[in-house]
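So you know, we letter chains A, B, ... as the sequences are listed, proteins then strands, and number each from 1.
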2 protein chains.
Amino acid sequence: MGKAKRPKLSTHEFFEKGHLHYLTHISIDNVIFGFHDNQLKVLLLEWKETHRWCLPGGFIFADEHIEEAAIRSLKSRTGLDNIYLQQFYAFGDPNRERTKHGISPPAGIKKSWLSERFITVGYYALVEFSKVVPKPDEFSESCQWWDIEKVPTLILDHNHILEKALQSLRLNLNDYPVGKDLLPQKFTMPELQRLYETILGKQLDRRNFQKKILALDILERLNERKQGGAHKAPFLYKFDQRKYEKAMKQGLKFGLQ
Amino acid sequence: MGKAKRPKLSTHEFFEKGHLHYLTHISIDNVIFGFHDNQLKVLLLEWKETHRWCLPGGFIFADEHIEEAAIRSLKSRTGLDNIYLQQFYAFGDPNRERTKHGISPPAGIKKSWLSERFITVGYYALVEFSKVVPKPDEFSESCQWWDIEKVPTLILDHNHILEKALQSLRLNLNDYPVGKDLLPQKFTMPELQRLYETILGKQLDRRNFQKKILALDILERLNERKQGGAHKAPFLYKFDQRKYEKAMKQGLKFGLQ
DNA sequence: CCAAAAGTGTTGATTGTACACCCATGC
DNA sequence: GCATGGGTGTACAATCAACACTTTTGG
């Protein structure tokens, strides 16, 4: 059960001998959502040579749990750590090979394991924007937050993967609480509402939203108000850790009695 | 785009040279639910030599869409055709190797591609019990419906996969209509109710159930009654194809206004 | 006629939705 | 003072859950 060798490969070794360490034909792509300035953001990497953008993904070591691989690859490519990743779909179209707009092996390597067809498993996560200090890895020119509305054309089918992640997130919003990882520890009701509005892409009634959220019984109102705003100071809330986790496990409601 | 060679391999070829035709390290497992005698059933295969039971699964040809592979493998292993399969999860624990309780290569083959670690993608489907004539393939002794409550210990982590499929099905029940593929074309309200009760594992109120289901506006009541029962003859219903498909696409309800 | 299953309707409680009113803050 | 955002409450509508009554059928 002990974790076997997880060697650090040079770029050349990675292309030429990666298949000796990683599972072939399977990759991981992470869709990392953040929230800032009333905008839903997604974290993207920029390739060094082509300057094309992509989702931060990676590969699975031969003895590694796929979820472990998702967490590890996210950390190594963006610096993000301690993040709960939610699997949402496995993409299995045969016409999404890496050669097209993806990684090209460096000169001197004719045929790499990376040129073959890959099935990719998608994970998404919600992270607190301000906590994140993205650090691009050696392959990447930069690692940046993009406005979800302004995402450029990505490599391969990454736009499609992003779309599907967003769809899964929206569906989940009705069954599971959201916000704990997207907002600072202390937040205001309007802030939480903006988050929901942004994810759902529609306006919600301020008063009804408050009632509904409080009825879920997962928030705790603090005896503090958020100062410094231009208007009346709103109360601060935080998630009740225990109740939040319970709701995460059991879901928020059950249909049919 | 044309479908490339999909050769028919002998058993020996399959173990020794399968990796030349199929993607390595990745498999598919199908969980086929049926409904009969007020019981939820699942379709299982029995291995010829070990007599152990498993889910009908398979592998992906190098140029094949994963969903296509799910459909093809289901057909070749059980005879079932024209079935909508729903992907629900990718299982990526490294400790689920085929050698343990799974396929063993025949004598004479030391190391097969099948002995290596596999990630499996799970699909489930709901089928009309009476329409199905399961036909086991060459590897299998038999192909049979099992009562969901009486499923034996399966190979590998197949019990876990089945559990997760059932969980996904239950969650889906609240967001999407179910029944079209589990019941005969014409069915009665009590029959539909038994189906829901069986999947959810709890009793529902007859009158409220009827109101709720009819409110979904996906059923059409026929001018016929089911004759032959011991008591008052219940009406027959059928699904409205167009409305059913619309509900399938859009979901049945949307939270938060 | 009786038991069991099925069709239909009623009621009170809960929840959802659309509002109105008042309070605090900066300009 | 006033525009803007925030806290709280109310009224009506829609939905849900519990239950009663009637009809049909085989024995």
Completion exercise
note: A/R194, atom CZ; D/dG6, atom C1'; distance rounded to Å ~ 10 Å
Exercise for the section: Consider only side-chain N and O atoms of A/S76 and A/D137, and report whether a donor and an acceptor are under 3.5 Å apart. Expected result: no
Completion exercise
Here the distance between atom P of D/dA18 and atom CZ of B/F209, to the nearest Å, is 16 Å
Completion exercise
B/D205 atom CG is separated from C/dT10 atom C1', nearest whole Å, by 13 Å
Practice task
Rounded to the nearest angstrom, tell me the gap between atom CD in A/E197 and atom P in D/dG5.
Solution key: 12 Å
Practice task
Taking side chain to side chain contact (heavy atoms under 4.5 Å, CB included) as the test, write out the residues that go with B/R206, two or more places apart.
Solution key: B/Q193
Completion exercise
Across all chains, not counting sequence neighbours, the side chain to side chain contact (heavy atoms under 4.5 Å, CB included) partners of B/N172 are B/Y124, B/Y176
Practice task
Check side chain to side chain donor-acceptor pair (under 3.5 Å) between A/Y123 and all other residues, then give those that pass, not counting sequence neighbours.
Solution key: A/Q87
Problem - d(CG, A/N208; C1', D/dG6) in whole Å - result: 15 Å
Exercise for the section: Measure centre to centre between the rings of B/F35 and B/F33, then say whether the value is under 6.0 Å. Expected result: no
Practice task
Check the distance between C/dA6's P and B/Q193's CD and give it to me in whole angstrom.
Solution key: 9 Å
Just the table, please: protein N/O against nucleotides 21-27 of chain C N/O, every pair under 3.5 Å.
| residue | atom | partner | partner atom | Å |
| --- | --- | --- | --- | --- |
| C/dG26 | O4' | A/A230 | O | 3.2 |

Handout entry: Which residues share a side chain to side chain donor-acceptor pair (under 3.5 Å) with A/Q210, sequence neighbours left out
Key = none
Handout entry: Any B/R221 side-chain N or O less than 4.0 Å from OP1/OP2 of C/dT8
Key = yes
Exercise for the section: Could you check how far CG of A/L214 sits from P of D/dG6, rounded to whole Å? Expected result: 15 Å
Exercise for the section: Look at the side-chain N and O atoms of A/K211 and state whether any lies under 4.0 Å from the OP1 or OP2 oxygen of D/dT8. Expected result: no
Exercise for the section: Report yes if a side-chain nitrogen or oxygen of A/K212 is closer than 4.0 Å to either non-bridging phosphate oxygen (OP1 or OP2) of C/dT17; otherwise report no. Expected result: yes
What pairs of donor and acceptor atoms, side-chain ones from residues 233-241 of chain B against any protein atom, are under 3.5 angstrom apart with sequence neighbours left out?
| residue | atom | partner | partner atom | Å |
| --- | --- | --- | --- | --- |
| B/D240 | OD1 | B/R242 | N | 3.1 |
| B/D240 | OD1 | B/K243 | N | 3.1 |
| B/Q241 | OE1 | B/K180 | NZ | 3.3 |
| B/Q241 | NE2 | B/E245 | OE2 | 2.4 |

Practice task
Starting at atom CD1 of B/I213, determine the distance to atom P of D/dT15, rounded to an integer number of angstrom.
Solution key: 15 Å
